[in-house]
Amino acid sequence: MNTTSGVLESSFRDPSGFLFRREGTLYRQINRSYADSYEKLVSSGLYEDLVGRGLLIPHKDVEIQPEKAETAYRIIEPEVVPFISYPYEWSFTQMKQAALATLEIEKIALGHGLTLKDASAYNIQFLDGRPVFIDTLSFEVHKPGEPWVAYRQFCQHFLAPLALMAYRDIRLNQLLRVYIDGIPLDLASSLLPKRSWLNTRMAMHLHMHARSQAKYADTHTKIEPPKVNQNALLGLIDSLHNAVDSLTWRPEGTEWAEYYTETNYTPAGLEHKKEVIVGFLDEVTPKTVWDLGANVGMFSRLASERGIHTVAYDIDPACVERNYLDIRKKNESHLLPLVMDLTNPSPAIGWDNAERDSMVERGPADMVFALALIHHLAISNNVPLERIAEYFARICTYLVVEFVPKDDSQVKKLLANREDIFTGYTEDAFEEAFGAVFDMIRKEPITDSARTLYLMKKRT
Amino acid sequence: MKIRYLLFGLVLLAVPNAASAYLDPGVGSMIWQMLVAVALGAAFTLKVYWSKLKDYFKGRREA
């Protein structure tokens with residue numbers, strides 16, 4: 001939850017420190033138990049190296065009263081990530097980039113005499129399309145001979161979901177919603193096709209690794225960690241890197257990836273729609289935009305190109321993948337594409353249902369785009385218009401919404417093979433339902449189209 | 001079976017200092033890491049030397 005003060009509920013597992021908010025600003029308390037590692041992080045040059053490469057979130061030291069003085073060593077203020085996303089919301093390449101960044105960081109850290117003590121996918125966030133590590137307290141001094149303590153976690157958080165997405169089905173990263181500490185390797189191994197054994201790195205780091213875990217599952221006597229020399233560790237990291245790199249997925253044949261070639265807008269209609277949206281953006285000047293059902297992000301870019309932090313949600317992993325690949329190719333900023341099923345958006349998960357926020361808890365956005373969306377929610381998912389309006393009012397202040405009437409060809413397609421039980425789906429009913437929670441500011445019919453764009457403001 | 005006990009014994013004897021991290025590395029994962037890291041470390045060393053060798057000859061050809 002976005003509280004304005006107090007310790008973040010996700011920040012309890014690592015005794016090295018924790019995140020807290022004070023008067024809306026995010027800080028990290030570093031505990032005395034982590035002092036040596038923190039000093040080494042800075043004095044070894046690792047912090048500067050990683051920040052310079054854009055791999056670690058920069059921070060500044062601040063002189064404020066600690067949140068828990070009895071354990072405090074110092075307080076830092078990390079640069080703010082505009083939107084926190086989770087691995088079950090990432091497309092294939094986002095997940096792959098996050099995995100490779102984690103390995104790159106571990107390799108660089110070893111060169112400075114430090115190591116990552118965890119390899120959680122939740123430590124990676126996306127800033128202007130690039131993966132960045134956000135947990136400054138994840139580094140510890142590497143004692144010669146020590147194995148990589150996060151090897152298991154890396155395989156569960158990154159390698160297993162990537163392998164399942166590449167070898168079996170792109171949707172299987174949704175398993176991360178169920179398993180907060182990564183996909184159990186025995187489950188990944190049983191779901192992967194037999195041909196994945198032919199990839200020696202998959203065989204080694206997933207299948208055989210899972211068997212080793214099963215073999216020693218009942219070992220409860222104290223095991224001293226085995227000795228692994230530096231070269232062996234670098235070999236392990238190199239092998240994991242090649243394992244991740246060998247996995248590919250090509251977005252083809254899904255429903256939405258070809259959407260823009262199939263819409264019923266004329267070129268003039270599309271241009272008019274863009275002009276109207278730009279007019280709304282210039283009128284409201286929001287700081288954040290959520291584009292719901294963004295497809296490959298054509299309209300999201302109207303906002304992000306104006307320097308507005310924009311999240312482009314779509315249910316189709318192929319659209320999100322294409323959107324992300326475009327961002328990387330063109331070095332675009334301010335845009336974050338994410339996989340989201342709006343009929344079942346990300347819930348709050350983890351301990352006390354408070355470790356990872358739901359989609360709603362990460363809002364509200366200053367402005368929400370709901371373009372060519374309403375018919376999917378009202379007709380495909382049978383949500384009454386009143387409830388759609390109430391939901392939108394919870395996630396935004398300003399709403400740009402497009403009403404798509406029943407005689408629109410896209411709506412006709414939705415109704416082609418089912419009984420039309422939606423007698424209440426009319427423009428009047430739409431205006432009445434939304435008028436109950438929003439004030440109408442503008443109403444613009446789109447050229448060459450039966451559709452209408454509205455700018456609304458949530459009533460307070 | 002004998003090899004398994006032998007490996008397990010080797011692991012027990014390995015290093016006296018305990019891991020300081022808060023994360024549970026998992027016994028099976030640690031043992032597996034030790035086994036694969038030996039092979040991967042050797043392969044990595046060869047790879048590094050091989051690329052150095054290639055660079056050397058490439059350099060000679062260009063010189």
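First the proteins, then the strands, lettered A, B, ... as listed; each starts at 1.
Residues A/Pro147 and B/Met34 fail the side-chain proximity criterion, which asks for heavy atoms closer than 4.5 Å. Side-chain contact check for A/Tyr216 versus B/Met30: every heavy-atom pair is 4.5 Å or farther apart. Side-chain contact between B/Asp24 and A/Gln153 is absent, with no heavy-atom pair separated by less than 4.5 Å.
The minimum heavy-atom distance linking A/Ala232 with B/Val38 is given by the pair CB-N, 4.5 Å.
The side chain to side chain donor-acceptor pair (under 3.5 Å) check on A/Gln29 picks up A/Asn31, A/Thr71, with sequence neighbours excluded.
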Taking it one step at a time, do B/Gln33 and A/Leu233 satisfy side-chain contact (heavy atoms from CB on, under 4.5 Å)? CA-CA 9 Å; B/Gln33 178 181 172; A/Leu233 264 188; 3.8 Å; yes

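Looking at A/Arg13, both its backbone and its side chain come within 4.5 Å of chain B, counting heavy atoms on both sides. For A/Asn242, the part sitting under 4.5 Å from any heavy atom of chain B is the side chain, from C-beta outward, and nothing else. Heavy-atom distances place both the backbone and the side chain of A/Ala150 under 4.5 Å from chain B.
Dense packing is recorded around CZ of A/Arg177, with more than 12 heavy atoms of other residues, nucleotides or ligands lying under 6.0 Å away. Atom CG of A/Asp36 has 12 or fewer neighbouring heavy atoms from other residues, nucleotides or ligands inside a 6.0 Å radius. Around CH2 of A/Trp351, the count of heavy atoms belonging to other residues, nucleotides or ligands within 6.0 Å does not exceed 12.
Proximity of a side-chain donor or acceptor of A/Arg152 to a complementary backbone N or O of B/Gly28 within less than 3.5 Å is not detected.
The CG atom of A/Leu185 lies 12.0 Å from the CH2 atom of B/Trp32; values are rounded to the nearest 0.5 Å. Here the CG atom belonging to A/Leu234 is positioned 5.0 Å from the CZ atom belonging to B/Phe44, to the nearest 0.5 angstrom. For the atom pair NE2 of A/His205 and OG of B/Ser29, the computed distance is 12.0 Å after rounding to the nearest 0.5 Å. Between A/Ile237 atom CD1 and B/Leu40 atom CG the span is 10.0 Å, to the nearest 0.5 Å.
Per-residue counts of heavy-atom pairs under 4.5 Å with chain B were compared for A/Met204, A/Gln230, A/Gln213; the largest is that of A/Met204. When each of A/Leu236, A/Asp118, A/Asp14, A/Asn229 is scored by its heavy-atom pairs under 4.5 Å with chain B, the top score falls to A/Asp14.
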